[in-house]
Amino acid sequence: MKKEIVINYTQREIRIAILEDNELVEFLIEREESRRTVGGIYSGRINAVIPGIQAAFVDIGQERAAFLHVSDVATGALDPDLVDDVDFEVPSGRKRRDFPPIQNLLKKGQEIVVQIKKEAISTKGPRVSSQISLPGRYAVLMPNLDHIGISKKIDNRKERNRLRAIIRKHRPKGSAVIVRTAGSGVEDQQIKDDLKHLEKRWKEIERKIERATPPALIHEDVDITVFALRDLFSEDVNQITIDNKSEYERLSSYLKSFAPHLASRVKLYTDKVPLFDYYEIEAEIEKTLESKIWVRKGGYIVIEHTEALVSIDVNTGRFTGKRNQEETILETNLIAAREIARQLRLRDIGGIIVIDFIDMEREENRRKVYNEFRNAMRKDRSRARVSQISDLGLIEVSRKRVRPSLLHYYSDECPYCVGSGKILSIESMAMKIEQWIRRIGVPGKIRGMQFRVNPILGIYMREERDEFIRELAERYRTIVEIIDDPRLHREELEIRSLDGKRDLKGEFV
């Protein structure tokens with residue numbers, strides 16, 4: 001499989017696209033006003049300790065207080081995106097799931113050093129851990145812990161034993177070390193150098209912590225481009241293409257220090273055609289905001305975001321197949337399974353996801369679709385749990401969420417529908433006006449009423465409902481005026497007396 005990383009620089013944002021066989025599978029973006037904060041280390045102060053949810057809220061100087069769960073105080077839970085799946089070598093007698101009550105660990109007003117594990121999303125503040133993790137190219141250093149971990153993606157037993165022996169020899173005193181997937185096959189000296197670099201960085205952080213007055217930022221993780229080299233660039237990446245000369249030189253220098261054998265794979269793009277246009281990436285990015293995605297052979301999937309979960313529906317669309325219905329459905333589901341796995345990575349959709357595949361009669365076909373989806377999800381860097389396909393053709397997925405999805409990053413809530421995706425029809429709004437005329441007109445005390453409405457509704461009322469409105473006005477012996485107001489959206493109504501002084505809507509609620 002051909003794998004490429006394409007990095008585009010503009011004045012206000014950095015965009016990183018990951019391509020597999022020329023197909024966009026992941027997309028990262030960082031803007032000046034919304035820089036990546038995961039990995040940042042802060043000196044904070046406990047705002048509140050909540051025993052009912054076994055968590056505390058920490059003031060780290062951001063708009064919203066950070067959330068600290070007891071599991072992140074007592075164990076220093078790892079970020080799976082950072083270290084893949086980890087197989088631990090833990091000292092005997094330790095139980096990783098035994099957490100003391102949080103009120104015994106933390107007190108309101110207490111100073112604490114924390115690290116951001118998950119970005120602030122929607123109304124939630126960032127999630128933090130009091131256990132610090134410092135990632136390097138080949139290893140992760142975790143101060144004040146005592147264990148060795150090896151990424152489960154390194155599945156060769158001989159290689160795992162070799163890496164354990166290297167870590168036992170070079171592990172800094174009083175720290176845990178985890179070998180990342182990139183450490184497979186790496187020489188003893190390179191891992192040793194990586195650990196020395198991480199140990200030096202931790203000592204610098206400790207000095208800053210001693211001088212800090214909370215809330216304060218102590219240490220920022222690397223910027224998004226160095227993150228791409230450190231966490232995404234590995235032996236299976238054929239090329240990195242970048243369109244900024246100074247950044248190209250900086251990243252080349254970085255690679256020559258940490259992975260000289262990969263430095264030649266970084267290329268500077270100098271063509272006049274914009275980089276993302278050359279790779280046909282711009283059109284793919286625009287499609288990530290659409291809920292309907294067409295797939296090969298005419299089928300399509302629909303992705304809908306709700307407060308609690310994301311639902312994905314699979315449909316045959318224009319695909320009719322050449323044989324029988326069951327085979328047509330199976331082929332559609334198999335194509336959709338691969339595309340859904342790609343879309344989850346590309347859109348960075350996290351949390352609970354429910355996928356509604358088209359119903360299949362044969363159990364063998366259900367297994368094929370499930371296995372196809374599981375295999376496609378193995379390429380995902382984020383941790384995901386996939387349930388077996390149910391009798392209703394549903395698959396439930398829990399995918400690690402670290403940052404807001406692309407949809408939330410690129411879009412704002414619609415001021416008309418406020419996130420519901422629906423607004424009242426013109427006919428429904430016309431009926432509301434007629435109901436208000438009846439409500440206000442029944443007492444017979446109002447000489448006239450003035451409805452201020454969106455111009456689209458105003459045109460409809462005059463062209464389609466004018467005669468009926470006049471009949472209502474005569475019945476209740478009142479005057480009804482419809483006035484266009486472009487300031488109002490389609491669902492808004494202002495109802496006033498003819499002189500405009502009385503708010504009739506407020507009086508008759």
Side-chain angles (χ1 to χ4, degrees), residues 63-64 120-125 286 288-293 300-313 315 317 351-352 354 356 404-405 407-509:
E63 184 180 349
R64 291 185 289 271
I121 298 174
S122 186
T123 58
K124 299 176 181 177
E286 289 181 15
T288 62
L289 300 179
E290 298 174 4
S291 60
K292 189 174 185 178
I293 302 107
Y300 67 90
I301 61 177
V302 178
I303 301 175
E304 297 288 352
H305 292 254
T306 71
E307 185 70 24
L309 52 82
V310 174
S311 68
I312 302 178
D313 188 39
N315 298 275
I352 303 297
V354 177
D356 183 10
S405 68
L407 177 69
H408 290 96
Y409 197 92
Y410 266 119
S411 60
D412 289 326
E413 190 176 76
C414 170
Y416 276 81
C417 69
V418 198
S420 71
K422 304 286 182 183
I423 59 173
L424 285 175
S425 66
I426 289 291
E427 293 84 355
S428 298
M429 288 302 299
M431 291 300 298
K432 283 186 77 170
I433 289 175
E434 292 165 13
Q435 289 160 9
W436 273 109
I437 293 171
R438 292 187 182 94
R439 181 182 297 171
I440 297 169
V442 165
K445 296 178 181 179
I446 302 299
R447 189 175 66 85
M449 58 192 85
Q450 184 188 93
F451 287 85
R452 302 187 74 88
V453 301
N454 179 277
I456 295 172
L457 178 55
I459 292 169
Y460 177 82
M461 295 300 295
R462 285 187 291 274
E463 292 183 353
E464 303 291 334
R465 300 294 181 102
D466 186 61
E467 188 177 341
F468 186 69
I469 294 298
R470 277 193 281 107
E471 288 176 5
L472 275 178
E474 287 174 11
R475 185 187 309 170
Y476 294 107
R477 297 179 181 180
T478 187
I479 299 169
V480 176
E481 289 184 356
I482 307 289
I483 299 174
D484 293 351
D485 189 339
R487 296 178 302 112
L488 305 177
H489 71 61
R490 269 183 44 181
E491 286 189 320
E492 279 187 304
L493 286 177
E494 287 184 4
I495 312 171
R496 296 191 167 274
S497 56
L498 285 180
D499 60 8
K501 292 179 180 179
R502 290 171 62 189
D503 177 12
L504 300 182
K505 193 175 182 181
E507 287 183 28
F508 286 86
V509 169

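As a basis for the values below, the full set of heavy atoms in this structure was taken, side chains included, without hydrogen atoms, waters or symmetry mates.
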Let's go through L457 and L493 carefully: what are the C-alpha distance in whole Å and the side-chain angles of both, what is the deciding distance for side-chain contact (heavy atoms from CB on, under 4.5 Å) to 0.1 Å, and is it a yes or a no?
CA-CA 10 Å; L457 178 55; L493 286 177; 4.3 Å; yes
I'd like to know whether R438 forms a side-chain contact (heavy atoms from CB on, under 4.5 Å) with L472, so could you lay out the CA-CA distance, the side-chain angles of the two residues, the decisive distance to 0.1 Å, and finally the verdict.
CA-CA 8 Å; R438 292 187 182 94; L472 275 178; 4.2 Å; yes
Start with the C-alpha gap between I433 and V453, add the side-chain angles, then the distance that decides, and say whether side-chain contact (heavy atoms from CB on, under 4.5 Å) holds.
CA-CA 10 Å; I433 289 175; V453 301; 4.0 Å; yes
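Considering M429, M431, R490 in turn, M429 is the only one that fulfils the side-chain contact (heavy atoms from CB on, under 4.5 Å) rule with L424.
With rounding to the nearest 0.5 angstrom, the CZ atom of F451 is 12.0 Å from the CD atom of E494. Taking CD1 of I483 as the reference point, atom CE of M461 lies at 13.0 Å (rounded to 0.5 Å). A distance of 9.5 Å separates CD1 in I293 from OG1 in T288, rounded to the nearest 0.5 Å. Separating the CD atom in E427 from the CD atom in E464 is a distance of 9.0 Å, to the nearest 0.5 Å. Put simply, CD on E491 and NZ on K432 are 7.0 Å apart, with the number rounded to the nearest 0.5 Å.
The two residues D499 and K501 make their nearest non-hydrogen contact at OD1-N, 3.0 Å. Shortest non-hydrogen contact noted between P486 and P455 is CA-CD, 3.7 Å. Q450 and S497 make their closest contact through CB-O, 3.9 Å (heavy atoms, listed as atom of the first residue, atom of the second, distance). Closest approach of A120 and R64 over heavy atoms only: CB-NH2, 3.7 Å. Here the shortest heavy-atom pairing between I456 and N454 reads N-OD1, 2.9 Å. The shortest heavy-atom contact between I312 and I301 is CG2-CB, 4.4 Å.
Put simply, the side chain of R462 does not reach to within 4.5 Å of the side chain of I469, judged on heavy atoms. Side-chain contact between W436 and L504: absent, with no pair of heavy atoms (C-beta onward) separated by less than 4.5 Å. The shortest distance between side-chain heavy atoms of M449 and L498 does not fall below 4.5 Å. Between I446 and R502, the closest side-chain pair of non-hydrogen atoms falls below 4.5 Å.
Between the side chain of T478 and the backbone N or O of R447 there is at least one donor-acceptor pair closer than 3.5 Å.
For E471, the CD atom sits in a packed shell: over 12 heavy atoms of surrounding residues, nucleotides or ligands are nearer than 6.0 Å.
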